Protein chains: 2
Amino acid sequence: MTDLKNDKFKTINPERSGTTSEEVISQLREMIHSGELRPGDRLPPERDLAKLLGVSRPTLRAGIRSLAAVGVLQSRQGAGTFVVQTGGSPALDSSPLRLMASLHGFTSGEMFEARQSLEMAIAGLAAERATSEHLATLSEEIAGMFASLDDPEQFLVHDMRFHQAVAAASGNRILTSLMNMVATILFDVRRKTVNRAKDLKESAEMHRHVYRAIRQRSAEAARNAMRDHLVLAQKAQESEEANGLESASGDGANESVLSSATALPG
Amino acid sequence: MTDLKNDKFKTINPERSGTTSEEVISQLREMIHSGELRPGDRLPPERDLAKLLGVSRPTLRAGIRSLAAVGVLQSRQGAGTFVVQTGGSPALDSSPLRLMASLHGFTSGEMFEARQSLEMAIAGLAAERATSEHLATLSEEIAGMFASLDDPEQFLVHDMRFHQAVAAASGNRILTSLMNMVATILFDVRRKTVNRAKDLKESAEMHRHVYRAIRQRSAEAARNAMRDHLVLAQKAQESEEANGLESASGDGANESVLSSATALPG
DNA sequence: CTGACAGAATGGTGTGACCTTTGTCAATGA
DNA sequence: TCATTGACAAAGGTCACACCATTCTGTCAG
């Protein structure tokens, strides 16, 4: 009935270091580390798994919830609990960073700077490693930008996909994940800022500069082009709204803002 | 009795977008965003808060647990639930990244590269912004390294503090947090690798180069010095153990490996 | 062969109870 | 008078049971 051999799930350790639910977390985590649980796998039903681990269902649920909160597990009512299956680029949840920002009053400038640093590093790596396939994807997205200069929303999609493609070309999934964390938060602000057409054209040009530098295998040029692009983007955004991060979570539509871009093929 | 005015906790929204517990999370998150909950604050008892929010205690606990999993809240049995109070440098939990690494088979090389990119960016910023106080701290730690060439464990403490101080000098707490996330994971591997004395001396010298570059306000030199240092460190570590990330969580003593360094004054 | 329906499977929520740890404070003894 | 100790209360941790909501699946009618 279950998708996994039950032998894998050994009962909980007798000598618990911390609380029972922490022990459950450790147990599940270890199964992931050891490769017993792989992305896409489905866990046994809660009632069964609780029995297998020798804990009550609420305790097991507590553990599952903790893992779900950090984006490792995902529960769907009626379906089951699964190890998160990320398509291509692994995604770290950005809400922790978002909350940190609120708690410690991170400025929007700090966010931009962090993104800039990450993207510059990524662009530099991309210039060294991009395959012809990567270059083709980048080119396509730029074409898409120019084709949607009169449709800011569509433009934004290509914009995000471009950056995603650059990240993919960098070959470093960790930097990619970190970049996405930061970018997701900044995007919450940006989505309300409908850029003017002129800005879009300028932005598309900047992207093209980045693409060219990557194509020419010039890490330094790619870094500089990316920096120029982001500096400009920051200025454009700041000029349109004087508000800081506080306005990011104004209404609903929170979470997974990059969902559409995260699922792209590149 | 409670530490907070109860007026702050309005009952749960009637039209729930997702599940009830998700609504609880949103509620608490919003209170943090709006500043109603600040670091160090204590939440009302679960039983009371559940009533205030109009949900059952298990549901509330689910929400609290999710927030606790991402490092925003912290529950202590018998004491209460508190908003996490980070001393100085905010800390993002590294376990999500660690799990991602296991799930997707991140290589140790990727980790090193990510850390290198982050630290280079941070070093560059530090060169532009370090105050005399920062420089003094950096100098002290380097002195500490040279003073503990025969004590690898002590050396490691100064090493970490140095990097922490550089991060502080960069003035960007987001990059600092991200760096710590990555460094924490790499540190788990490193702590078992007791470097030879010769390596330590060389390492101390490299740190000094970084310090000098920062002192001379040369961002480029600081970046390069940091890169050289980390490249060397990576080589040294790789030569001592051929294992990858898998050996990171071998036995106990997981979590909060940087705790001692996180609480440092700088 | 296809679509709709019914039932089972599974996670989500609620209620109530009890245990364990922590904190406080008064009683006690030096 | 002060420090120690003990008991009591507060608060989170765990458990059992019941029921709801959603999703999947397999069967049956068309």
Side-chain angles (χ1 to χ4, degrees), chain A residues 1-4 6 9 11-28 37 40-69 71-85, chain B residues 1-4 6 9 11-28 37 40-69 71-85:
Chain A
M1 188 74 74
T2 61
D3 300 0
L4 293 164
N6 287 348
F9 300 90
T11 177
I12 219 70
N13 219 311
E15 73 286 354
R16 305 123 41 123
S17 51
T19 65
T20 308
S21 62
E22 280 175 5
E23 194 61 25
V24 171
I25 297 173
S26 298
Q27 189 85 9
L28 293 174
L37 289 179
D41 278 356
R42 176 177 142 178
L43 271 63
E46 292 183 351
R47 294 166 178 81
D48 298 355
L49 186 51
K51 245 192 163 64
L52 286 169
L53 294 179
V55 300
S56 69
R57 193 174 161 222
T59 303
L60 171 67
R61 278 180 61 78
I64 289 177
R65 183 159 280 279
S66 290
L67 261 3
V72 175
L73 297 181
Q74 184 176 11
S75 293
R76 273 159 40 210
Q77 185 174 168
T81 301
F82 303 83
V83 180
V84 159
Q85 175 80 285
Chain B
M1 189 70 75
T2 60
D3 298 2
L4 292 164
N6 287 348
F9 300 90
T11 176
I12 219 72
N13 219 310
E15 75 286 355
R16 305 124 40 127
S17 51
T19 64
T20 308
S21 62
E22 281 175 6
E23 195 60 26
V24 171
I25 297 174
S26 297
Q27 189 86 8
L28 293 174
L37 289 179
D41 277 355
R42 176 177 135 178
L43 271 62
E46 292 183 351
R47 293 166 179 81
D48 297 356
L49 186 51
K51 243 190 165 63
L52 286 169
L53 294 178
V55 300
S56 68
R57 194 173 158 224
T59 303
L60 172 68
R61 279 180 61 77
I64 290 177
R65 183 160 281 279
S66 290
L67 261 4
V72 175
L73 297 181
Q74 184 176 11
S75 293
R76 273 158 42 208
Q77 186 174 168
T81 302
F82 303 83
V83 180
V84 159
Q85 177 79 282

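Just so it is clear: chains get the letters A, B, ... in the order the sequence lines come, proteins before strands, and each one is counted from 1. Just so we're clear, the structure is a prediction, and the values are computed from it rather than from any experiment.
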_Contacts of type side chain to side chain contact (heavy atoms under 4.5 Å, CB included), residue B:T59, not counting sequence neighbours_ =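 So B:T59 forms a side chain to side chain contact (heavy atoms under 4.5 Å, CB included) with B:T20, B:S21, B:V24, B:V55, B:S56.
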
*Who pairs with B:V84 by side chain to side chain contact (heavy atoms under 4.5 Å, CB included), at least two apart in sequence or on another chain?*
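B:V84 satisfies side chain to side chain contact (heavy atoms under 4.5 Å, CB included) with B:Q74, B:T86 only.
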
Spacing of [X] atom [atom1] relative to [N] atom [atom2], expressed in whole Å:
{"X": "B:I64", "N": "D:dT14", "atom1": "CD1", "atom2": "C1'", "result": "15 Å"}
{"X": "A:Q77", "N": "C:dT13", "atom1": "CD", "atom2": "C1'", "result": "9 Å"}
{"X": "A:L60", "N": "C:dG12", "atom1": "CG", "atom2": "C1'", "result": "14 Å"}
{"X": "B:E46", "N": "D:dG13", "atom1": "CD", "atom2": "C1'", "result": "8 Å"}
{"X": "A:K51", "N": "D:dT14", "atom1": "NZ", "atom2": "C1'", "result": "16 Å"}
{"X": "A:D48", "N": "C:dG11", "atom1": "CG", "atom2": "P", "result": "9 Å"}
{"X": "A:R76", "N": "D:dT25", "atom1": "CZ", "atom2": "P", "result": "10 Å"}
{"X": "A:L73", "N": "C:dG12", "atom1": "CG", "atom2": "P", "result": "11 Å"}

_Both A:P58 and A:G78 contact DNA chain C. Which one's nearest nucleotide lies toward the 5' end?_
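Per heavy-atom nearest nucleotide, the more 5' residue is A:G78.
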
Drop me the distance from [X]'s [atom1] to [Y]'s [atom2], to the nearest 0.5 angstrom.
{"X": "A:T81", "Y": "A:D41", "atom1": "OG1", "atom2": "CG", "value": "12.5 Å"}
{"X": "B:R42", "Y": "B:L37", "atom1": "CZ", "atom2": "CG", "value": "13.0 Å"}
{"X": "B:I64", "Y": "B:L60", "atom1": "CD1", "atom2": "CG", "value": "4.0 Å"}
{"X": "A:L53", "Y": "A:L49", "atom1": "CG", "atom2": "CG", "value": "4.5 Å"}

*Could you check whether A:R47 gets within reach of a base, just the sugar-phosphate, or nothing at all, counting any heavy atom under 4.0 Å?*
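Base, at least one base heavy atom under 4.0 Å.
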
So, is [X] near the phosphate of [N], with a side-chain N or O under 4.0 Å from OP1 or OP2?
{"X": "A:S56", "N": "D:dT14", "answer": "no"}
{"X": "A:T20", "N": "D:dT14", "answer": "yes"}
{"X": "B:T81", "N": "D:dA11", "answer": "no"}
{"X": "B:R42", "N": "D:dA11", "answer": "yes"}
{"X": "B:R61", "N": "D:dG13", "answer": "yes"}
{"X": "A:S21", "N": "D:dT14", "answer": "yes"}

*Between B:L43 and B:L28, is any pair of side-chain heavy atoms under 4.5 Å apart?*
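A side-chain contact exists here, since the closest heavy-atom pair is under 4.5 Å.
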
If you restrict it to nitrogen or oxygen atoms, what contacts under 3.5 Å exist between nucleotides 4-6 of chain D and the protein, and what is each distance?
none

_Given the structure, check if the side chain of B:R57 and the base of D:dG13 hold any donor-acceptor pair shorter than 3.5 Å._
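Indeed there is one.
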
Please tabulate the protein-to-nucleotide N/O contacts below 3.5 Å involving nucleotides 3-8 of chain C, giving atom names and distances.
none

*Where is the tightest heavy-atom contact between A:I25 and A:G63, given as atom of each residue plus distance?*
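Closest approach of A:I25 to A:G63, heavy atoms only: CG1-CA, 3.7 Å.
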
_Of the options C:dG12, D:dC15, C:dG23, whose atoms approach the side-chain atoms of B:A79 most closely?_
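Minimum distance to the B:A79 side chain belongs to C:dG23.
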
_Considering only residues two or more places apart or on different chains, which pairs with a residue in residues 59-68 of chain B satisfy salt bridge (Lys or Arg N to Asp or Glu O under 4.0 Å)?_
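Of all non-adjacent pairs touching residues 59-68 of chain B, those that pass salt bridge (Lys or Arg N to Asp or Glu O under 4.0 Å) are B:E46-B:R61.
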
*Which pairs pass salt bridge (Lys or Arg N to Asp or Glu O under 4.0 Å) with one or both residues in residues 72-83 of chain A, sequence neighbours excluded?*
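As it turns out, there is no salt bridge (Lys or Arg N to Asp or Glu O under 4.0 Å) pair with a partner in residues 72-83 of chain A once direct neighbours are skipped.
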
